[in-house]
Amino acid sequence: MRIGVTGASGFIGGAVVAEILANNNGVVGFSRSPNRSIPGCREVRVFSDEVSLDLTGLDALIHLVGEPLIGNWSGKKKEEILNSRIHSTERIVKTLWSMKPQDRPKTFACASAVGIYGDRGDEWLDEESDAGFGFLVDVTRQWEAAALKARDFGIRTVLLRTGFVVGSRGGALPIMKKIFSLNLGGNLGNGKQWMPWIHIDDVVHIIQQCLDNRLISGAVNLTAPEPVRNRDFTRILADCLGKRAFLPAPSFVLRALPGGVHEMFLNSLRVDPTVMKSHGYKWEFPSLDLALKDCLNIR
């Protein structure tokens, strides 16, 4: 197969490229810089608003581009978070629609997020659960709606609803490791909120299975089968590092942050990856303890 990947130089994108190559498939990367070299990609095509998008010769397309959520949620930042996801996806779907049916990729896998479920307390959430309320919910609903238009003209579309990804080479875990190593870690708020997490290796294996298995379409929760509360995540991470975690970030402080960014830290999401369970996927890292020890190289 020849697979296109947007965001191929990012934390998840780089791991996806490596997985594609390990399965003896070819990778076409997409970048805003036409002269950029992306590790693992023999070909790099332009992905920008000013240049026409070339999606020819691809068996599948994985779309992972999006403005990072971390940062000050000013009005401008929130607009960038929304537009980077919606506009880029709309451009892809418009290009796919303009192509001859026989030339289109057979599969379109678009990044999404478990944030679509909103703050749901202890409720179990699967791919059939309703969307919640809040900024992240609004962003994700529009994002998925833009992607699903590809399904209207016959392209199998998969929505990769990803949880908190742990890995040694990117994401938030390396930053958290530094904080916890200084004994500055602690619960976020009261720590009772559920955290849907997943190891980066399981992320890329699930994405590969979504490409290979034509029976998989629509929303797919990319999370481990054992979600944990934030207080348990805090405790397990501290124990792995042999440190103490006694400096919580109070809820009132997080809620005072601008733009509603507290949603990222305080929303409770008890997510069940029902679709992948039904397709017999076996997680390499089903428990957080195993996942963190691997990421932190603890044997």
Side-chain angles (χ1 to χ4, degrees), residues 1-67 83-112 143-162 170 200-201 203-220 222 279:
M1 295 177 68
R2 199 159 183 243
I3 301 169
V5 181
T6 71
S9 60
F11 167 45
I12 295 177
V16 168
V17 169
E19 176 69 10
I20 293 171
L21 295 175
N23 284 274
N24 298 314
N25 295 312
V27 185
V28 175
F30 289 83
S31 172
R32 294 185 183 279
S33 176
N35 299 318
R36 182 173 187 177
S37 175
I38 301 177
C41 299
R42 293 184 178 179
E43 180 185 355
V44 178
R45 299 179 186 175
V46 179
F47 186 75
S48 69
D49 294 333
E50 296 77 23
V51 182
S52 59
L53 186 58
D54 180 9
L55 299 178
T56 59
L58 302 178
D59 296 291
L61 177 64
I62 304 171
H63 180 41
L64 302 174
V65 166
E67 173 73 15
N83 290 342
S84 65
R85 288 160 172 77
I86 311 308
H87 290 175
S88 64
T89 305
E90 288 176 340
R91 283 191 61 236
I92 287 174
V93 173
K94 182 179 180 180
T95 301
L96 293 171
W97 178 83
S98 69
M99 297 170 66
K100 294 179 179 179
Q102 64 269 25
D103 295 336
R104 294 168 180 158
K106 300 298 184 293
T107 303
F108 176 39
C110 184
S112 182
W143 194 7
E144 292 191 354
L148 285 174
K149 290 180 180 178
R151 192 167 60 180
D152 295 341
F153 45 91
I155 296 178
R156 182 171 65 95
T157 303
V158 181
L159 306 172
L160 306 169
R161 291 181 177 173
T162 310
I200 184 64
D201 286 359
V203 169
V204 298
H205 294 159
I206 289 174
I207 291 177
Q208 184 63 57
Q209 186 163 331
C210 287
L211 297 183
D212 295 339
N213 188 343
R214 298 196 60 80
L215 297 178
I216 299 176
S217 66
V220 176
L222 266 68
H279 285 280

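In this chain, numbering begins with 1 at the start of the sequence shown. Keep in mind the model is a prediction, meaning the values are calculated, not measured.
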- Message: Rounded to the nearest 0.5 Å, what separates atom CD1 in Ile206 from atom CG in Asn213?
- Response: 12.5 Å
- Give, for atom CG of Asn23 and atom CD of Gln208, the distance between the pair rounded to the nearest 0.5 Å. 4.0 Å
- Between Val158 and Ser217, the two heavy atoms sitting closest are CG2-CA, 4.1 Å
- So, the side chain of Arg32 versus the backbone of Ser48: is there a donor-acceptor pair under 3.5 Å, distance only? no
- Are any non-hydrogen side-chain atoms of Lys106 and Arg156 less than 4.5 angstrom apart? no
- Task: Hey, could you give me the CG/CE distance between Asp212 and Met1, rounded to the nearest 0.5 Å?
- Result: 6.5 Å
- Message: Apply side chain to side chain contact (heavy atoms under 4.5 Å, CB included) to residues Trp97 and Asp152 and explain how you reach the verdict.
- Response: CA-CA 9 Å; Trp97 178 83; Asp152 295 341; over 6 Å; no
- Heavy-atom check, side chain of Thr107 versus side chain of Asp59, under 4.5 Å: no
- Query: Taking the side chain as C-beta and beyond, is there a heavy-atom pair between Val44 and Ser37 under 4.5 Å?
  - Reply: no
- What's the shortest heavy-atom distance between Ala150 and Leu96, and which atoms? CB-CD1, 4.4 Å
- Message: If you define the side chain from C-beta out and look only at heavy atoms, does anything of Leu53 sit under 4.5 Å from Phe30?
- Response: yes
- Sub-3.5 Å donor-acceptor pair from the side chain of Thr6 to the main-chain atoms of Leu64, do we have one? yes
- Message: So, taking the atom named CD in Glu19 and the one named CG in Leu211, what distance separates them when rounded to the nearest 0.5 Å?
- Response: 9.5 Å
- Interatomic distance, Glu43 atom CD to Ile38 atom CD1 [nearest 0.5 angstrom]: 11.0 Å
- Item | Minimal non-hydrogen separation, Ala146 against Ile86, with atom names | CB-O, 4.5 Å
- Item | Side chains of Val17 and Pro39 in contact at under 4.5 Å (non-hydrogen atoms) | no
- Query: Is it true that a side-chain atom of Arg36 and a backbone atom of Ser31 form a donor plus acceptor pair closer than 3.5 Å?
  - Reply: no
- Can you tell me how far the CD atom of Glu90 sits from the NZ atom of Lys149, to the nearest 0.5 Å? 6.0 Å
- Message: Run the side chain to side chain contact (heavy atoms under 4.5 Å, CB included) test on Thr157 and Leu148 for me, step by step, so that the C-alpha distance in whole Å, both residues' side-chain angles and the decisive distance to 0.1 Å come before the verdict.
- Response: CA-CA 6 Å; Thr157 303; Leu148 285 174; 4.2 Å; yes
- Task: Measure across Phe153 and Arg104 and return the closest heavy-atom pair with its distance rounded to 0.1 Å.
- Result: O-NH1, 3.3 Å
- Step by step, would you call Leu21 with Arg42 a side chain to side chain contact (heavy atoms under 4.5 Å, CB included)? CA-CA 11 Å; Leu21 295 175; Arg42 293 184 178 179; over 6 Å; no
- Among Val204, Ile12, Val203, which residue meets the side-chain contact (heavy atoms from CB on, under 4.5 Å) test with Leu222? Val203
- Minimum heavy-atom separation for Gly218 to Arg151, with atom names? CA-NH1, 4.4 Å
- Item | Close side-chain approach of Ile20 and Asn25, heavy atoms under 4.5 Å | yes
- Close side-chain approach of Val16 to Val27, heavy-atom, < 4.5 Å: no
- Item | Residue pair Ala109 / Leu160: nearest heavy atoms and the distance that separates them | CB-CD1, 4.1 Å
- Message: Using side-chain heavy atoms (C-beta onward) and a distance below 4.5 Å, is Val93 in contact with Phe108?
- Response: yes
